[in-house]
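Remember, it's 1-based here, ligands and their atoms both numbered in the order they're listed. The analysis underlying the following values was restricted to heavy atoms, covering all of them including side chains, and did not include hydrogens, waters or symmetry mates.
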Amino acid sequence: MTSPFRNLPSVSRLLAHKRIRPLVSRMASDTVAELIRQQLQETRQAIAAGHECPPTETLVESVLARAELLLQSTLRPVINATGVIIHTNLGRVPLSREAIAAMEAVSHGYSNLEFDLTQGERGDRLVHLEPILCQITGAQAAVAVNNNAGAVLLALTVLTKEREVIISRGQAVEIGGGFRIPEVMQQSGARLVEVGTTNRTYLSDYQQAITDDTAALMRVHASNFRVIGFVESPPLEDLVRLAREHDLLLLDDLGSGCLVDTGQFGLAAEPTVQDSVAAGADLTLFSGDKLLGGPQAGIIVGREELVARLRRHPLTRALRLDKATVAALAATAIHYVRGEALEKIPVWRMIAMPLTTIQRRARRWARAIGAPARILHGRSMIGGGSLPEEGLPTRVVAISAHAGRSVTELAQRLRLSQPPVIGRIEHDQLLLDPRTVAPEDDSTLMEAIAAALKR
Ligand SMILES: *Cc1c(COP(=O)(O)O)cnc(C)c1O
């Protein structure tokens, strides 16, 4: 009996194949050989499992496909037409032009990241952020790390390890992406003491839970959900007073890091960092890439001696920001200093976008798309765990099944177009919201839709 593996070509034969040979000019020859070996290994296993030996051309195709996957990054820009402004799965938020320019400027060559130009000595990367962050939040001191999950872990580890932290049961939440307050607390070595009930927690609940082992009271902003109806939680000022009376810390995890009054856009009031600081929180923690509108970061602002303790801890070194992030975060914060956040920061530009502008773009889109498109009233969402249930009135272009092509099929074709376009399916229609699409992407979007609708 002849071996079923007999017809498998050798590595060297495939390397010499006329369609594989040109690969060597595009990737390291060792890598090409390795890809061939991987393919042959997989094929051998398939044959052992009873499959037939594929023809050489099929093997060549598979090797070329493997090579293409490696030659281009799978991470690529997409057009977000979902109307969800802070979209964690789509990279959270676009950065301002100035923030991008700042990242580019420090990435080209060297920078004074940790170099004091006046003294000619070693410096600290946080000097580029602290004064601006203090200025815009009203805090005494600031430190920034990789993300807010890291910031919470850092603060709890350094300040509350092996001691108790009291938190309302309704705030011992999961934020998403595996960030659960009880688990982070456990990781930090602090002991979680939950008080109250899911919907109602009174100041007296906190009071009664205080023991000699208590280190802090913690408030966590219930970012991504809302309990409505019969609910109660003490105002931050009361928690601050209670903490002071008992010589405890008050830690305030705001999540979003909003610096702007959201009421002016008809949204519910998202708690601001300035209010948290002014109310007397010892430390206020928030993300760089939610409503702040900057790069991924976790920012901690508050009392100087606490921030100094955080800075000395090795975890701060492990969670430190890279230079491009420092540059982008500083540039984003400067927009607030200049009073131009609403015009320059994409998140705020999208939130502040007038309905008439959206309506005009939706009409243009609908005209370009033609028959299967209609304009509907809809809601854009803030997303990213900010202002759940809140929405901004918008106009969406709704595309229904067309020419035998279902809405799911259409959505898939758009996702696979170049660049991918992501919409939202509701009531068997594909909805596209101009609010989250950069105006300069309008024509690309129209081409993608035309191609997706074509037979
Ligand atoms: C989003 C959020 C976090 C996590 O922040 P990341 O920057 O995503 O790590 C923590 N706490 C709250 C309340 C949040 O909303």
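Within ligand 1, counting atoms from 1 as listed, the ones closer than 4.0 Å to a heavy atom of Arg92 are 6 (P), 7 (O), 8 (O). Set against the non-hydrogen atoms of Phe179, the atoms of ligand 1 under 4.0 Å away are 10 (C), 11 (N).
Which of Ala149, Gly298, Gly288 comes nearest to atom 9 (O) of ligand 1 through a heavy atom is settled by distance: it is Ala149.
Residue contacts with ligand 1, taken as heavy atom pairs separated by less than 4.0 Å, do not involve Arg180 at all.
Between Ser287 and ligand 1, at least one N/O pair is under 3.5 Å apart. For ligand 1, none of its N or O atoms has an N or O atom of His221 under 3.5 Å away.
Scored by the side-chain contact (heavy atoms from CB on, under 4.5 Å) test, Glu162 finds no partners at all (sequence neighbours excluded).
Not a single heavy atom of Gln296 sits closer than 4.0 Å to an atom of ligand 1. Using a non-hydrogen distance threshold of 4.0 Å, Asp253 registers as a contact of ligand 1.
Here Arg364 pairs with Asp442 in a salt bridge; the nearest charged N to carboxylate O distance falls below 4.0 Å. Between Asp213 and Arg163, none of the side-chain N atoms (NZ, or NE/NH1/NH2) sits under 4.0 Å from a carboxylate O, so this pair counts as no salt bridge. A salt bridge is absent between Glu68 and Arg66: the closest approach of a Lys/Arg side-chain nitrogen to an acidic carboxylate oxygen does not fall below 4.0 angstrom.
Note on residues 125-150: pairs passing salt bridge (Lys or Arg N to Asp or Glu O under 4.0 Å), not counting sequence neighbours, are Glu114-Arg125, Glu130-Arg311.
The CG atom of Leu95 sits 6.0 Å away from atom CE of Met103, with the distance rounded to the nearest 0.5 Å.
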